[in-house]
Every structure is written in structure tokens, then in C-alpha cells.
Asker: 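First the structure, then my questions, so here it is.
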Amino acid sequence: MGNVYQDFPLLENQRFLLRQVGEKDAQELVEVYGDKNALPFFNSDNCNGDNFYYPTRERMAEAIRFWLRGYEKGWFVRWAVVEKGVGRAVGTAELCRRDSQEVFGGCGVLRLDVKNSCERAGTLLHLLRLTLPCAFERMGCGEVVTKAPLYAVERREALAKAGFVEDARPLIGEGGRSYWDYWVIARP
């Protein structure tokens, strides 16, 4: 396995294809990031105040350009989550490695932002099983953390089934700000 920032990983299972997000995905992703009912499930912790609400194609394309720059700079990997049955992007997945001195330093951070209709335990479990090996193998993470607030019942169920456990410690972001509701899984 090569460096994730030199060879973009294509991930696939029977239900989903995860490929690099591109501006061609903007219109389909507006249906995800422009949905106020999906917004509370997105993890925008430590994202400089961006709440990931992109209600127009132009704003979505701007976010995608930032994600592509972030990949070029080695900050994170952002995939378009394409549901094979419909052949459309139904969300994105992001992985980054926290290079910090706090409790989650060295961990991978996984963000799964999906359409409200995909915020189901079974769907999320498919995505977790698809992305976790990349975090452990390609990003060299010993642990992966992801956010699941108390109201994210289906997400928390999927995380538990995948082997994650709720962690009472906060993730410490820019300026010492604490972020809560994280779940963690150790490399098998």
C-alpha cells in the first residue's frame, strides 16, 4: 500500500464506490449539504466555523475546490460516496490524521456526511467497513475517531456494530476548544 497522498485510494464494495470528489459532483452533493435535516449529522468540529451547509451549486463547488486543495496539501482525503444502485453521489467521506499532542493525537478522524435517507445503521455500517481499512493501512493510524451525538441513534448503532466504543474524552481543537461525542476504534 502506497502513500494515500500520492496514490488516491479507490474504495468499493457491493453497495458503494468511494472515489475522489470532484466539481462534477457539485449538483448531486447540494442535495446532501443543502438539506437542513442532514446538517446536524455532519461533523464540522475544528473546521474554522464552517458548518458544511452548502445550499447552492456555486457554494458546493467552492467547498469541493477547498477539499481538492486540502488533498493536494496532505491535510485530508475526501471521497464522493457513490451509491451503485442509483449511480449518484449520496455524500462524502473524509479521513485525516491528527498530528497533535492531545488525547487523540495520531488518530485518524473519519467524517461521514450522507444524505438524510442514508443515515441508517445498515448503510453507515457498509461505509464504515469500507473506510476503516484505509485509515489503518494507508494512513497508518492506530485508532480512528468519529463523531456521533446522542441524537444520532442510527449512527451510534452502526458504530457499535463496527466495534467503536463511546469515548468520554473531548477532542481538543484550535485554540483549545473541546469537542465532544466521539467514538473510537483501535486497529485490529
Asker: Main chain of Ala121, side chain of Glu154: is a donor-acceptor contact present, judged purely on distance under 3.5 Å?
Answerer: yes
Asker: Between Glu23 and Arg65, does any side-chain N to carboxylate O distance fall below 4.0 Å?
Answerer: yes
Asker: Can you list the steps and then say if Trp79 with Val21 is a side-chain contact (heavy atoms from CB on, under 4.5 Å)?
Answerer: CA-CA 5 Å; Trp79 291 270; Val21 69; over 6 Å; no
Asker: Please answer whether the main-chain N or O of Gly140 pairs with a side-chain N or O of Arg97 as donor and acceptor at a distance below 3.5 Å.
Answerer: yes
Asker: Do Arg129 and Asn13 have side chains that approach each other closer than 4.5 Å (heavy atoms only, starting at C-beta)?
Answerer: no
Asker: To the nearest 0.5 Å, tell me how far Leu95 CG sits from Leu132 CG.
Answerer: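 It is 8.0 Å, given to the nearest 0.5 Å.
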Asker: Considering only heavy atoms from C-beta outward, does the side chain of Val114 approach that of Glu119 to under 4.5 Å?
Answerer: yes
Asker: Count the heavy atoms belonging to other residues, nucleotides or ligands that lie under 6.0 Å from CZ of Arg177, then report whether that count exceeds 12.
Answerer: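 No, the 6.0 Å shell around CZ holds no more than 12 heavy atoms from other groups.
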Asker: Taking atom OH of Tyr54 and atom CG of Leu39, what is their separation to the nearest 0.5 Å?
Answerer: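 Spacing of OH (Tyr54) from CG (Leu39) equals 10.0 Å.
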Asker: Rounded at 0.5 Å granularity, tell me how far NZ in Lys115 sits from CG in Leu29.
Answerer: 10.0 Å
Asker: Is Leu159 reachable from Val81 through a run of I, L, V, M, F, W or Y residues, each pair having side-chain heavy atoms under 4.5 Å apart?
Answerer: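 Val81 clusters together with Leu159.
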Asker: Judged by atom type as modelled, is there a donor-acceptor pair below 3.5 Å linking the side chain of Asp45 to the main-chain atoms of Gly173?
Answerer: no
Asker: Pro170 and Ser178: which non-hydrogen atoms are nearest, and at how many Å?
Answerer: CB-CB, 3.8 Å
Asker: Assess the residue pair Asp7 and Arg138 against the criterion (side-chain contact (heavy atoms from CB on, under 4.5 Å)); give the C-alpha distance rounded to whole Å, side-chain angles, the decisive distance to 0.1 Å, and a yes or no.
Answerer: CA-CA 10 Å; Asp7 179 27; Arg138 299 285 301 272; 3.7 Å; yes
Asker: Flag the pair Arg156 and Asp181 as a salt bridge only when some basic side-chain nitrogen lies within less than 4.0 angstrom of an acidic carboxylate oxygen.
Answerer: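 No.
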Asker: How are the rings of Phe42 and Phe52 set relative to one another: parallel (under 30°), tilted (30 to 60°) or perpendicular (over 60°)?
Answerer: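 The rings of Phe42 and Phe52 sit tilted, inter-plane angle from 30° to 60°.
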Asker: Got Pro9 and Cys134 here, is their nearest side-chain heavy-atom distance under 4.5 Å?
Answerer: yes
Asker: How does the hydrophobic cluster around Leu10 look, that is, which other residues are in it when side-chain heavy atoms under 4.5 Å mark a link?
Answerer: Leu17, Val82
Asker: Tell me, do Thr131 and Leu18 make a side-chain contact under 4.5 Å, heavy atoms counted?
Answerer: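 Yes, at least one pair of side-chain atoms sits under 4.5 Å.
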Asker: Under the side-chain contact (heavy atoms from CB on, under 4.5 Å) rule, what do Ile172 and Ser100 come out as? Steps first, then yes or no, please.
Answerer: CA-CA 9 Å; Ile172 307 299; Ser100 68; over 6 Å; no
Asker: Are Val165 and Val103 linked, directly or through other ILVMFWY residues, by side chains that come within less than 4.5 angstrom of each other?
Answerer: yes
Asker: Nearest 0.5 Å, please: how far is CD in Gln20 from CZ in Phe8?
Answerer: 4.5 Å
Asker: So, do Tyr71 and Phe76 have ring centers that fall under 6.0 Å from each other?
Answerer: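 No.
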Asker: Does any N or O in the side chain of Lys147 come within less than 3.5 Å of the main-chain N or O of Trp180, such that one atom is a donor and the other an acceptor?
Answerer: yes
Asker: Hey, what's the ring geometry for Phe66 with Trp75, parallel, tilted or perpendicular (30° and 60° as the breaks)?
Answerer: tilted
Asker: With salt bridge (charged side-chain N to carboxylate O under 4.0 Å, His left out) as the rule and sequence neighbours excluded, what pairs involving residues 75-94 come up?
Answerer: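 Qualifying pairs, neighbours excluded: Glu12-Lys84, Arg15-Glu83, Glu28-Arg88, Glu31-Arg88, Arg78-Glu94, Arg78-Asp113, Glu94-Arg111.
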Asker: Do the side chain of Asp50 and the main chain of Cys47 share a donor and acceptor less than 3.5 angstrom apart?
Answerer: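 Judged by distance alone, no pair lies under 3.5 Å.
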Asker: Would a hydrophobic clustering, with Ile, Leu, Val, Met, Phe, Trp and Tyr connected at side-chain separations under 4.5 Å, put Phe136 with Met139?
Answerer: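 Yes; Met139 is reachable from Phe136 via cluster members.
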Asker: Report the residue from Val145, Leu128, Ile185 that forms a side chain to side chain contact (heavy atoms under 4.5 Å, CB included) with Leu110.
Answerer: Leu128
Asker: For residues Asp25 and Ala89, report the shortest heavy-atom separation together with the two atoms involved.
Answerer: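 Shortest heavy-atom separation between Asp25 and Ala89 comes out as OD1-CB, 4.3 Å.
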Asker: With a 4.5 Å cut-off on side-chain heavy-atom distances among I, L, V, M, F, W and Y, is there a chain of contacts connecting Val32 to Leu127?
Answerer: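 No: no chain of side-chain contacts under 4.5 Å links Val32 to Leu127.
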Asker: Is it the case that the side chains of Asn43 and Tyr182 hold a donor-acceptor pair, with the cut-off being a distance below 3.5 Å and no angle test?
Answerer: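 The criterion, which ignores hydrogens and geometry beyond distance, is satisfied for Asn43 and Tyr182.
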Asker: Under 3.5 Å, is there a donor-acceptor pair between the side chain of Arg155 and the main chain of Leu112?
Answerer: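 The answer is yes, because a donor-acceptor pair under 3.5 Å joins these two groups.
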Asker: Would Trp67 end up clustered with Val30 when hydrophobic side chains under 4.5 Å apart are linked, directly or stepwise?
Answerer: yes
Asker: Side chains of Thr92 and Tyr33: do they bring a donor and an acceptor to under 3.5 Å?
Answerer: yes
Asker: Run the ring-centre check on Trp183 versus Phe104 and record whether the distance is less than 6.0 Å.
Answerer: no
Asker: For a quick test of reading the model, state the closest non-hydrogen atom pair linking Leu171 to Glu102 and the distance between them.
Answerer: CA-OE1, 3.9 Å
Asker: With a 3.5 Å distance limit and no angle check, can you tell me whether Thr56 reaches the backbone of Arg59 through a side-chain donor-acceptor pair?
Answerer: yes
Asker: Go through Leu68 and Ile64 one step at a time and tell me if the side-chain contact (heavy atoms from CB on, under 4.5 Å) criterion holds.
Answerer: CA-CA 6 Å; Leu68 293 171; Ile64 291 170; 4.1 Å; yes
